[in-house]
Every structure is written in C-alpha cells, then in structure tokens.
Amino acid sequence: MLNYNEAGEGPVVVLLHGFPLNRTIWSQQMAHLKKQYRVITPDLPGHGGSAAFPEGGPATMTRMAREVLALLDTLKVDQAAIAGHSMGGYVALALQQAAPERVVGLGLISTQARADTPEAREGRLNLAAKVHMHGAGVVAEGMGPKLFGPSVTSEDPRYQSTVTMIQETPGDGVRCALLGMAERADMREGLTGITVPTLVLVGTEDKVIPLERSQCMAANIPRAVLVKVPGVGHMPMLEDPAAMNEALEQWLELVY
Ligand code: MLT
C-alpha cells in the first residue's frame with residue numbers, strides 16, 4: 001500500500017506530488033485545507049516512503065493511478081477531489097479516465113494533457129539509463145535550475161530543500177517513473193468529457209511545462225477555471241503558497 005499523510009475531517013481532497021518529489025511538498029496546503037477537509041497526500045510508487053513496483057518496469061500513469069485508487073479503497077473513500085502537480089497531474093488524468101465515478105473534482109497543477117514528443121521520450125530514456133548508473137543526483141542537477149521562477153535563487157531554502165528531496169528519492173523509483181512518463185498516452189481527446197469542476201493552475205514563469213499547455217487544457221474542459229500565478233515557476237505550492245491555497249479553496253467550494 002502507498003505511504004501517505006492524512007489530516008482533517010470532512011469532504012476528501014487528495015493531493016498528488018510531481019516527479020521526483022514526495023507528499024511533503026504539499027505541507028502548506030495540507031495545513032491550510034485540513035481545517036475544512038480531509039486531506040490525503042500519498043507518496044506515489046517509488047517516491048518518498050512508497051515502494052517502487054517490484055519488477056522494475058515502467059511506472060505507468062495508469063498503474064500509479066490504480067495504486068491511488070487502492071489506497072482510497074483501504075481508507076474507505078468512495079469519492080474525492082483529486083489534484084495533481086506535474087507528473088501527479090498525469091496520474092490524476094489517468095485516474096479520472098480509469099474511474100470517473102470516483103472523481104468529484106479535478107485539479108491540474110503545472111501539468112499538461114499531451115504525451116511526450118519523440119525527442120522528449122528519447123531524452124527520458126537516456127536519463128533513465130543515467131539514473132540507473134549514477135542515481136537520482138543527475139536528475140537534481142538537470143531539474144534544479146528549471147524548477148523555480150526568478151524570485152527563488154539557488155541560495156533559497158526552498159530551492160535547496162527541493163533539490164535535496166530529488167536527491168533522496170530512490171533511484172529505482174526515479175528510473176521507473178521516467179519510463180512511465182515516456183510512454184504515457186496523450187489525454188487531450190478526453191478533456192471535453194471531463195464534467196466535474198476543474199482547477200487548472202500554472203505559474204506564468206514555468207520553464208518545465210509551458211503556460212500554453214494549461215491554457216489549452218482549460219479551453220477544452222467544460223467546467224475548468226484557469227488560474228495563472230504571476231512570477232511563479234513550476235512549484236506554485238512553494239513559491240506562492242497563499243495563491244495556491246486560495247485557488248484550491250475556491251475550487252473545493254465549487255466541488256463540495
Ligand atoms: C514533474 O515535475 O512532475 C515532471 O518534471 C513532469 C515531466 O517531466 O513531464
């Protein structure tokens with residue numbers, strides 16, 4: 001079973017972290033939302049305290065989504081508002097596709113519905129091979145400088161703690177997630193069929209997944225609200241926690 005944190009009581013909201021991070025990235029959102037909601041933050045397979053899939057193949061978005069659903073089964077949660085950041089957004093979309101009846105609201109944070117281009121896929125496979133040889137440190141080196149907007153420098157504690165979090169993610173988990181992301185499906189066609197209130201949130205300075213990807217999702221999902229957070233990069237929950245919390249709160253008011 002997935003490792004997770006849980007706090008609060010009431011309607012359920014699940015927050016899924018991105019690659020290769022863990023549940024603690026949401027600590028400020030959990031502290032805020034737990035006053036009104038039951039907040040569940042799982043570690044995705046191979047991240048934080050959750051074991052990687054035993055046979056070491058791709059951790060596909062669908063397999064990860066099934067693990068989240070199994071956790072909800074164990075916790076006796078029939079339905080939840082599900083929000084995911086970046087790779088967590090890919091998992092949230094896969095979960096919504098696999099079990100739409102369990103999802104009463106969807107949050108797509110700094111993410112996209114597109115699959116990888118052939119070049120991006122190639123890059124992921126190369127990186128997975130490097131991680132196999134050298135561990136997660138190579139990912140931290142590459143990703144660190146791209147994660148934050150201009151106001152968070154490499155001396156900032158948020159930058160340093162995020163890079164440490166990446167370095168501490170087990171190499172196997174990182175490698176399997178890279179393989180899984182490389183083979184993920186293009187989810188754009190299904191967007192028009194998502195009927196629940198959906199938050200699409202993006203930082204205007206995101207260098208990992210460009211702003212246009214969020215605009216495109218929001219334009220296609222019937223009940224989407226697009227929130228652009230000015231000056232923020234790929235990590236809105238750390239860069240502007242107040243804006244992130246407010247957007248989640250307003251979304252949950254629409255959901256529940
Ligand atoms: C993430 O932040 O989860 C990943 O960078 C997403 C990706 O690589 O596509």
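We count ligands from 1, going down the list as the structure has it; atoms in each ligand are counted the same way. Worth saying up front: this structure is predicted, and the values here are computed from it rather than measured.
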In ligand 1, the atoms that come under 4.0 Å of a heavy atom of Gly18 are 3 (O)
Quick one: nearest non-hydrogen protein atom to atom 8 (O) of ligand 1, plus distance? Arg124 NH1, 2.8 Å
Looking only at distance, does Arg184 have an N or O less than 3.5 Å from an N or O of ligand 1? no
Test of proximity, Met87 against ligand 1: N or O pairs below 3.5 Å: yes
For atom 5 (O) of ligand 1, closest protein heavy-atom neighbour: Met143 CE, 3.4 Å
Roughly how far apart are Leu33 CG and Leu248 CG, rounded to 0.5 Å? 5.5 Å
How about CD on Glu189, more than 12 heavy atoms from neighbouring residues, nucleotides or ligands closer than 6.0 Å, or not? no
Just to verify, which of Leu44, Leu71, Leu2, Asn22 counts as forming a side-chain contact (heavy atoms from CB on, under 4.5 Å) with Ser50? Leu2
Are Arg158 and Phe148 in a cation-pi contact, defined as NZ or CZ under 6.0 Å from the six-membered ring centre and within 45° of the axis? no
Crowded around Gln160 CD? As in, over 12 foreign heavy atoms under 6.0 Å? yes
If you count heavy atoms of other groups shown closer than 6.0 angstrom to CD of Gln97, is the number above 12? no
Can you tell me if His17 has a non-hydrogen atom under 4.0 Å from ligand 1? no
Which ligand 1 atoms are under 4.0 Å away from a heavy-atom of His234? 1 (C), 2 (O)
Say you draw a straight line from CG of Leu72 to CD of Gln79; how long is it, rounded to the nearest 0.5 Å? 11.0 Å
Does any N/O atom on Gln112 come nearer than 3.5 Å to any N/O atom on ligand 1? no
N or O contact, Tyr90 vs ligand 1, cut-off under 3.5 Å: yes
If you draw a 6.0 Å radius around NZ in Lys146, do more than 12 non-hydrogen atoms from other residues or ligands fall strictly inside? no
What is the closest protein heavy atom to atom 6 (C) of ligand 1, and at what distance does it sit? Ser86 OG, 3.1 Å
Element-labelled atoms of ligand 1 that are located less than 4.0 Å from some non-hydrogen atom of Val208: 5 (O)
